[in-house]
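Scroll down for the structure; my scribbles are underneath it.
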2 protein chains.
Amino acid sequence: MRGGKPTIDDVAALSGVARATVSRVLNGGPNVREEVRQRVLKAVDKLQYKVNMQARFLAGGKTQVLGLVYASDLDSEPNSFYHSGLELGALRGCAEAGFQLLMHTVNQHSLGKTAKIIELVDSRRCDGLILTPPFSDDCDLLRELEARNCPVVCISPGLAAQKVASGVGIDDEVAGYEMTRYMLSLGHKKFGFIKGLEGHLSAEERYSGFRRAIAEAGIGEADVTVMRGNFTFRSGVDLTAAILGNGHRPSALICANDDMAVGALFSAHKVGLNIPQDLSIVGFDDTPVSEIIWPPLTTVNQPLKTIGYRAVEMIVERIKAGKTASGPLPVRFDVVPHKVVMRESASPPQG
Amino acid sequence: MRGGKPTIDDVAALSGVARATVSRVLNGGPNVREEVRQRVLKAVDKLQYKVNMQARFLAGGKTQVLGLVYASDLDSEPNSFYHSGLELGALRGCAEAGFQLLMHTVNQHSLGKTAKIIELVDSRRCDGLILTPPFSDDCDLLRELEARNCPVVCISPGLAAQKVASGVGIDDEVAGYEMTRYMLSLGHKKFGFIKGLEGHLSAEERYSGFRRAIAEAGIGEADVTVMRGNFTFRSGVDLTAAILGNGHRPSALICANDDMAVGALFSAHKVGLNIPQDLSIVGFDDTPVSEIIWPPLTTVNQPLKTIGYRAVEMIVERIKAGKTASGPLPVRFDVVPHKVVMRESASPPQG
DNA sequence: CCCGTCATTGGAAGCGCTCTCAATTCCTGC
DNA sequence: GCAGGAATTGAGAGCGCTTCCAATGACGGG
């Protein structure tokens, strides 16, 4: 033991068996006499022996670590609510599966963004990766990872990425469609839509759903105003101001996420509009603010924790498969249920 | 190379040197002829060789991984803004220091909460730990960790913990004091204070600062109402309702965090109060909502990202010291600057 | 009572890298 | 041209654990 922490050999020595036997006991292997097992366990306890994962994994060629990658740069702060939700769910999943979660952020505008992620797996730091938007839409990255045989699960990937790697998420197109249908059902006929950052395909899907519903309802191009924001409160404020200043004012404004919707609310308040009487405003995500703000925001709830949890389940599944079976698991996309949450920021249009 | 990934031996073979030499080149060791270095580098490049961290760390006895621990249970959702801020800062620090960040949540009410954290270091999963409240106040845990010689840095520890382990944070007592002084300067004479969860000593410090300012101002016990919340919006709502229903209404309400302040705002609005004319409400933390809410919340900003970043710096420092020097580094507490952010939820009392 | 089986157990070869220490080579200065 | 010392380089011993394979022992059938 040489003063340091006890090793498996110390346990073996103390219990009078071979190292291999201790290993068997530790890993619940078969073919160990009960009496021997007890003897080993007693030694483990007496020595306060703890497996050195570092060594176990070197020998076993794994790490029991999953990487969760998300984007962060100085201009667009990551949405903390969104990421915390996913993280919490993932953490729960990891705890159950006996994995650890390694966080990794990369500036999506940096040149070596892909390299940094790839290195994580090349240097054997983790057994699998969970990618969040917009990385979950980076097909090149996905393919590189696949070439390295690295299990990957994407959070809310767009259609293209869904063909390349497995993913989890809500059906954004349907969510956008349903939300729009709801607004339509309230009697709205003139719409505004604030899109999110380009490249976030899942947010773009919400827009597709919106278009589908609009088209079905026979609403003409002249009655819809579309703008592109960047998911921030600020952009919601600015774009809404632009939309409202524009004369041909919509009666319903749909935003691709809550932050922008809250910005819209802010802007509308500022010009003296009553919400929802004068303008219905709705968002996406159901972040905590949407409940706190006045009026409470009608929005779409997506079960972030469930998504994070499911992502871990899926990836663990793939990791196991990778080591058991021969052929790689087929790519799949798991849809988790979303829900339109009706609060008070949307109502039938006045007059 | 046997089909798998190239190893250091493959590089050694290809470049015609010994394994040790390749290692030296890889680690920037001295005493390698330039010509040899180039040869090795070329082989590395040609083979697309990547160090297997797993192996490097087993040999070196380190992991280059830092653990960030935070509490989470089902009843009290962790404050995503708070944790994301710290995490982001820590992540940035890790990236610069060449470390990875392992996240770990533990239910603070579970029995084995300490064991789970200890195991993280016992099983050699990380080289150091960053503890957030309330774990940063768990002196028993801190001592156990110290016994294991595990570098630890606490985020916003209370006075007791500051003596046991190093930490970073703002000076909460002074922050509470300053905020109260500010309210006093506005002319308030009757106060309400909503405390946070018991055991979160740093939040308790804010209260101490409040008491100090109140005492200095010669305000009597009869003019302050104190309640204990649990940091949630809900508790802010409920406790404020209680305070307002109580007759002897304060003109200023100070909450130990923003969520509760927002709840207070909500409750006050509900009973028809004008904020800040009828009641000034202030919080702590400067979360994003505080800017979005109406009226914008006067609060105390603490630089979370800086704190997270600094925590990593400190821990890396300790890790290096642990391996170089003999004596352990002295315990220290780094104070980062906070700032009272004056917005519109506080004003001189009416009448 | 002997031999094939099967449950147990031990031995030893790695996993891929770091690091100590000895061997070798290269320069100096005289 | 050669000794002494510094600069390089190579060999090999781990780091602590998993796992393949051979060895041992017990048992039941012939």
Side-chain angles (χ1 to χ4, degrees), chain A residues 1-41 43-44 47-64 98 121-125 127 323-324, chain B residues 1-41 43-44 47-64 98 121-125 127 323-324:
Chain A
M1 205 187 317
R2 294 162 313 288
K5 308 193 59 163
T7 73
I8 194 173
D9 284 324
D10 297 317
V11 176
L14 180 59
S15 48
V17 300
R19 189 198 302 171
T21 301
V22 176
S23 178
R24 263 178 222 116
V25 172
L26 259 26
N27 295 291
N31 301 339
V32 179
R33 234 180 332 145
E34 187 52 28
E35 184 248 322
V36 174
R37 174 187 306 282
Q38 290 307 329
R39 194 141 42 90
V40 171
L41 254 22
V44 165
L47 257 30
Q48 280 289 301
Y49 168 76
K50 296 286 190 296
V51 179
N52 179 327
M53 295 299 176
Q54 201 75 9
R56 167 175 292 183
F57 299 154
L58 203 219
K62 40 176 138 185
T63 65
Q64 294 290 103
V121 340
D122 270 350
S123 64
R124 293 256 124 79
R125 284 245 191 211
D127 293 342
K323 100 185 8 154
T324 313
Chain B
M1 204 184 323
R2 294 163 313 288
K5 306 192 61 162
T7 73
I8 193 173
D9 285 324
D10 296 318
V11 176
L14 180 59
S15 48
V17 301
R19 189 199 303 167
T21 300
V22 176
S23 177
R24 270 189 284 266
V25 172
L26 258 26
N27 295 291
N31 301 337
V32 179
R33 235 183 329 147
E34 187 53 27
E35 183 248 324
V36 174
R37 173 185 308 281
Q38 291 307 330
R39 194 140 42 91
V40 171
L41 255 22
V44 165
L47 257 30
Q48 278 290 299
Y49 167 76
K50 296 285 191 294
V51 178
N52 179 327
M53 294 300 176
Q54 200 75 11
R56 166 176 293 182
F57 298 153
L58 203 218
K62 39 175 142 188
T63 66
Q64 295 289 103
V121 340
D122 270 350
S123 64
R124 292 254 125 80
R125 285 252 193 203
D127 294 342
K323 98 185 10 154
T324 313

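Letters go in sequence order (proteins before strands), and every chain restarts at 1.
Side-chain atoms of Asp122(B) do not come within 3.5 Å of backbone N or O of Lys50(A) as any donor-acceptor pair.
If you check every strand for non-hydrogen atoms under 4.0 Å, Val17(A) touches sugar and phosphate atoms only. Residue contacts for Asn31(B): at a heavy-atom cut-off of 4.0 Å it reaches a base atom on one of the strands shown. Residue Val32(A) is classed as a sugar-phosphate contact, given heavy-atom separations below 4.0 Å to backbone atoms only.
Ranking dC17(D), dC17(C), dG11(C) by closeness to the Ala18(A) side chain, first place goes to dG11(C). When each of dC17(D), dC17(C), dG11(C) is scored by its nearest atom to the side-chain atoms of Ala20(A), the top-ranked nucleotide is dG11(C). When each of dT18(C), dG16(C), dG10(C) is scored by its nearest atom to the side-chain atoms of Arg24(A), the top-ranked nucleotide is dG10(C). Listed candidates were dT9(D), dT18(D), dC19(C). Nearest to the side chain of Ala59(A) is dT18(D).
Between the side chain of Arg33(A) and the base of dT9(C) there is no donor-acceptor pair of N/O atoms closer than 3.5 Å. Between the side chain of Arg124(A) and the base of dG16(C), no donor-acceptor pair of N or O atoms lies under 3.5 Å.
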Q) Could you walk me through whether Asp10(B) and Tyr49(B) pass the side-chain contact (heavy atoms from CB on, under 4.5 Å) check? A) CA-CA 9 Å; Asp10(B) 296 318; Tyr49(B) 167 76; over 6 Å; no

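Using a cutoff of 4.0 Å between basic side-chain nitrogens and carboxylate oxygens, Asp9(A) and Arg19(A) are scored as salt-bridged.
Mapping Gly16(B) and Leu58(B) onto DNA chain D by nearest heavy atom places Gly16(B) at the nucleotide closer to the 5' end. The nearest heavy atom of DNA chain D to Ala55(B) and to Glu35(B) marks one nucleotide each, and the one closer to the 5' end goes with Glu35(B).
When each of Arg37(A), Gln38(A), Arg39(A) is paired with Glu35(A), the side-chain hydrogen bond (donor to acceptor under 3.5 Å, both in side chains) condition holds for Arg39(A) and for no other.
Here the closest heavy-atom approach between residue Val22(B) and residue Ser15(B) is recorded as CG2-OG, 4.4 Å. Heavy atoms only, all atoms of each residue included: Phe57(A) and Gln54(B) are closest at CB-NE2, 2.7 Å.
Taking atom CD on Glu34(A) and atom C1' on dT9(C), their separation rounds to 16 Å, with Å as the unit. Per the geometry, CG belonging to Asn52(A) stands 17 Å off P belonging to dG16(C), to the nearest Å. Rounded to an integer number of Å, the gap from Gln64(B) CD to dT18(C) P is 12 Å. At whole-Å resolution of the value, CZ in Arg19(A) and C1' in dT18(D) are 9 Å apart. Across the protein-nucleic acid pair, Ile8(B) atom CD1 and dG16(C) atom P stand 11 Å apart, rounded to whole Å. Put simply, CZ on Arg125(A) is 14 Å from P on dC17(C), counting in whole angstrom units. With rounding to whole Å, Asp9(B) atom CG is found 11 Å from dC15(C) atom C1'. Taking atom CG on Asn27(B) and atom P on dC19(C), their separation rounds to 7 Å, with Å as the unit.
At dG10(D), one or more side-chain N or O atoms of Thr21(B) fall inside 4.0 Å of OP1 or OP2 (strictly under the cut-off). The side chain of Arg56(A) contributes an N or O atom lying less than 4.0 Å from OP1 or OP2 of dT18(D).
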